[in-house]
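Okay, so here's the structure we're looking at.
Scope of the values below: all heavy atoms of this structure, side chains included, with no hydrogens, waters or symmetry mates.
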Amino acid sequence: MIEKINRLKAEIESLTAKDLAEVDQLRIKYLSKKGEVSLLFNDFRTVPADQKKEMGQALNALKNLATEKIAALRESLETADSIDPTLDLTRTAAPIPLGSRHPLSLVREEIISIFSRLGFTVAEGPEIEDDWHVFSSLNFAADHPARDMQDTFFIQRNPDVLLRTHTSSVQSRVMEHSQPPIRIICPGRVYRNEAISARAHCFFHQVEALYVDENVSFADLKQTLLYFAREMFGSETQIRLRPSYFPFTEPSAEMDISCNLCGGKGCSFCKHTGWVEILGCGMVDPNVLEACGIDSRKYSGFALGMGIERITNLKYQVNDLRLFSENDRRFLEEFQSAH
């Protein structure tokens with residue numbers, strides 16, 4: 001009988017199961033009334049009296065082993081079924097703080113959302129550009145003094161390959177390959193060779209908009225600007241347009257909004273004028289339309305452009321441009337509630 005006990009002990013110790021149904025089959029095989037362990041207890045009656053103590057202890061140990069082994073198999077399978085397969089069990093138990101979107105991304109998406117409600121679609125282009133799309137197609141003559149307004153990064157001293165200084169290059173690319181009606185918004189990063197300070201950086205972000213169709217007027221531009229300002233800064237926001245100059249628009253203007261801190265009454269932020277400049281705009285110069293293959297006698301249009309950092313400064317009162325690119329977590333965590 002001791003041989004049977006040792007054989008069953010070796011079998012039970014090596015038991016495995018693929019699922020709970022197989023565990024039940026093992027329980028029936030070894031522990032049911034007609035199971036192999038129970039049959040050994042029936043044979044116990046034939047054991048000589050002087051061996052009953054030893055055999056009884058061995059049988060009880062075998063039954064306990066079978067019970068514990070089958071229970072362990074069941075528990076391991078039930079635990080495996082309850083674990084989410086997507087859960088990373090090697091991840092630290094320490095809480096991992098959630099990240100937040102960058103303030104420039106928040107404002108960029110808000111600007112795109114506002115213009116999309118007016119029917120504008122997003123257009124993008126390369127950051128490494130050529131002279132034609134950045135300057136020449138936009139009415140910058142080769143010796144035009146306006147080229148000095150934007151200190152440019154040239155690639156390998158090649159005067160024809162450069163980092164774009166404005167996203168207007170995307171507008172010229174779209175006009176080259178499309179015919180009106182054109183209604184696009186062009187967000188992206190731009191580069192200018194400027195000293196880095198609290199008010200300037202060698203790279204920053206712009207959003208420009210272009211609308212070209214028949215009978216587009218300055219009144220259309222003004223209403224678009226008013227809608228944008230009130231959607232971005234509040235329904236009480238006022239705008240004013242001041243004459244300005246840009247090579248690619250005529251007439252041109254710069255737009256101010258009533259200071260959103262003092263409500264136009266005057267404060268240190270608006271230099272006590274009650275107004276804050278946010279963008280430049282104007283009617284697309286006919287020369288630009290013709291250079292891009294659009295009939296200026298049939299079509300007209302307006303364009304506008306703004307710096308995303310400028311809008312973010314006004315919306316969240318961030319006065320140092322360097323904070324946007326320093327990746328300081330303390331600064332970024334301030335915008336978690338702005339999502």
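- V190 and I311 fall into different hydrophobic clusters, where Ile, Leu, Val, Met, Phe, Trp and Tyr residues are linked whenever their side-chain heavy atoms come under 4.5 Å apart, directly or through other members.
- The neighbour count for I128 CD1, taken as heavy atoms of other residues, nucleotides or ligands under 6.0 Å away, does not exceed 12.
- Look at R183 and D213 and you find no salt bridge, because none of the NZ, NE, NH1 or NH2 atoms lies under 4.0 Å from a carboxylate O.
- Note on E68 versus K63: no salt bridge recorded, every NZ/NE/NH1/NH2 to OD/OE distance being 4.0 Å or above.
- Aromatic ring centres of F302 and F218: separated by at least 6.0 Å.
- Y227 and L314 fall within the same hydrophobic cluster, where Ile, Leu, Val, Met, Phe, Trp and Tyr residues are linked whenever their side-chain heavy atoms come under 4.5 Å apart, directly or through other members.
- In terms of heavy atoms, A303 sits closest to L221 at O-CD1, 4.5 Å.
- Using the six-membered ring where Trp is involved, F246 and F248 have ring planes that are parallel, under 30° apart on the 30 and 60° scheme.
- Using a 4.5 Å heavy-atom cutoff, the side chains of Y191 and T165 are not in contact.
- Under a cut-off of 6.0 angstrom, the local environment of CD in E236 is sparse, with at most 12 non-hydrogen atoms contributed by other residues, nucleotides or ligands.
- Under a cut-off of 6.0 angstrom, the local environment of CG in N215 is sparse, with at most 12 non-hydrogen atoms contributed by other residues, nucleotides or ligands.
- Other residues, nucleotides and ligands place no more than 12 heavy atoms under 6.0 Å from the NZ atom of K222.
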